[in-house]
Amino acid sequence: MKILVVNAGSSSLKYQLYDMNDESVLAKGRVERIGMDTAILVHEPTDKPELKEVSEILDHNVAIKKVVDCLVHPEHGVISSISEVEAVGHRVVQGGDLYSESVLVTPEVKAGITSLFDLAPLHNPAHMMGISACEINMPGVPQVVVFDTAFHATMPEKVFMYPLPLRLYKKHKVRRYGFHGTSHFYVSHVAAQFLDKPLEDTKIITAHIGNGGSVTAVMGGKSFDTSMGMTPLEGLMMGTRSGDIDPAIIPFVMGKEGIGPMEANFMLNKHSGLQAISGGSSDMREIVEGMEKGDKGCKLAYEMYEYRIRKQIGAYVAAMNGVDAIVFTAGVGENSAVLRLSILEQLSWMGVDVDPELNKIRSGEPRLITKEGSRVKVLVIPTNEELVIARDTHEIVKKSHK
Ligand code: AMP
């Protein structure tokens, strides 16, 4: 079965075409600057030359039409007809408390995703545009949605509730949901295979550190707690997001600066984090480079970022009363040996014995970076959210055919 995985954002869209016989990727690509006359499409077939095109792509419908054209292109295509695609799997950021697992798209599910627009105004409307575009360009092909929040549906009430007036939860669904669930699920389950224990007995902390970042406490294969909350702003300091701050700062700053809620939200999401403290960059490569050259802003940004990740890991050791393994994944987690070392050297008290040489190796494969005998194992595992989406889609569509 061939499955197209789509991750639709408001002005961009990423895709991968899988052959589920061997879970190989036949092609992947992206469309950027949707809505503009200089939109960019990059199509990368696995065994054929890449196609790059700049053209007018005014909406998601046109974007998906272009993707379909690329997939069947005489020179750059990987299938002879779009009818070979038997299902489409979509990433959806916010499933609220409506969805604890992936589901087949139906009119009710579309209404459900739409009812959550308030909780994810930047993401869910874009996902719906992606779903509609696929329905138009691939009529009759079953579609599945895989939620970033679903893996965290197992968080207990004491973890997901905020200590706020109860009516906010009852009326407006104000609670913690958590994000990056597909990634935390994938890497924690790969990590469990490195442990000599049944999954039910494992305690794993997964650190998904990319542009956005979250740490999850995974107990017995299930999410017990995660650092993001009602929105992806809570928790760690991130590239451009503040993460945890004293909530009283918000009304204080709004008053002092004369800004409204939208501007405050924008500041916390787009003008904070590494970028704010370093004085310009949100990219860990540039922060480390700046720090090595003696830039004070970069040094402070690095130290705050590292400290907040380490503190979160420590908190989850307490939350689970122990830990068997820590996993690093995503852009920074997979690639920044320097950051991993800074964090891990200061976790020696709890039995982390990092091997600095193993930590430096880059392989693109899951690997251990602790010495033999380290009480807590540490792994670097490349995340693969698209594969999880393709697998879920495959399973659900197979079941629906029965
Ligand atoms: P992601 O959101 O997972 O795609 O991660 C993107 C981020 O990964 C970028 O903003 C960079 O800060 C970071 N990144 C990518 N490559 C490296 C690297 N070699 N060293 C440090 N950070 C990296």
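Each ligand, and each atom within it, is numbered from 1 in the order the structure gives. Only a predicted model underlies this, so the values are computations on that prediction, with no experimental measurement involved.
Nearest protein neighbour of atom 12 (O) of ligand 1, counting heavy atoms only, is M284 N, 2.9 Å. At the top of the distance list for atom 23 (C) of ligand 1, counting protein heavy atoms only, stands G331 O, 3.7 Å. Atom 9 (C) of ligand 1 has as its closest protein heavy atom R285 NH2, 4.1 Å. The protein non-hydrogen atom at the shortest distance from atom 6 (C) of ligand 1 is N211 N, 3.8 Å. Atom 11 (C) of ligand 1 has D283 OD1, 3.4 Å as its closest protein atom, hydrogens excluded (heavy atom only).
A tilted orientation is assigned to the rings of H76 and H73, their planes being inclined by 30° to 60°. In this structure, H43 and Y15 have parallel ring planes: the angle between them is below the 30° cut-off, well short of the 60° mark. Note on ring orientation: taking the six-membered ring where Trp is involved, the planes of F151 and F185 are perpendicular (angle over 60°, cut-offs 30° and 60°).
Taking 4.0 Å as the cut-off between side-chain N and carboxylate O, E53 and K66 count as a salt-bridged pair. A salt bridge is defined here as a Lys NZ or Arg NE, NH1 or NH2 lying under 4.0 Å from an Asp or Glu carboxylate O, and D324 with K197 meets this definition.
For the ligand labelled ligand 1, residue M238 lies outside the 4.0 Å heavy-atom shell.
One finds the CG atom of D295 at 10.0 Å from the OG atom of S281 (value rounded to the nearest 0.5 Å).
Annotation: side chain of T182 is in contact with side chain of D148 (closest heavy-atom distance under 4.5 Å). Under the 4.5 Å side-chain criterion, counting only non-hydrogen atoms from C-beta, L236 is in contact with Q312.
Close contacts between ligand 1 and S336 involve ligand atoms 21 (C) [criterion: under 4.0 Å to a heavy atom]. The atoms of ligand 1 that sit less than 4.0 Å from any heavy atom of G210 are 1 (P), 2 (O), 3 (O), 5 (O). Counting the atoms of ligand 1 from 1 in the order shown, those under 4.0 Å from a heavy atom of V332 are 8 (O), 12 (O), 13 (C).
Only side-chain heavy atoms of R362 come within less than 4.0 Å of ligand 1; its backbone N, CA, C and O stay farther off.
There is a protein heavy atom less than 4.0 angstrom from atom 14 (N) of ligand 1.
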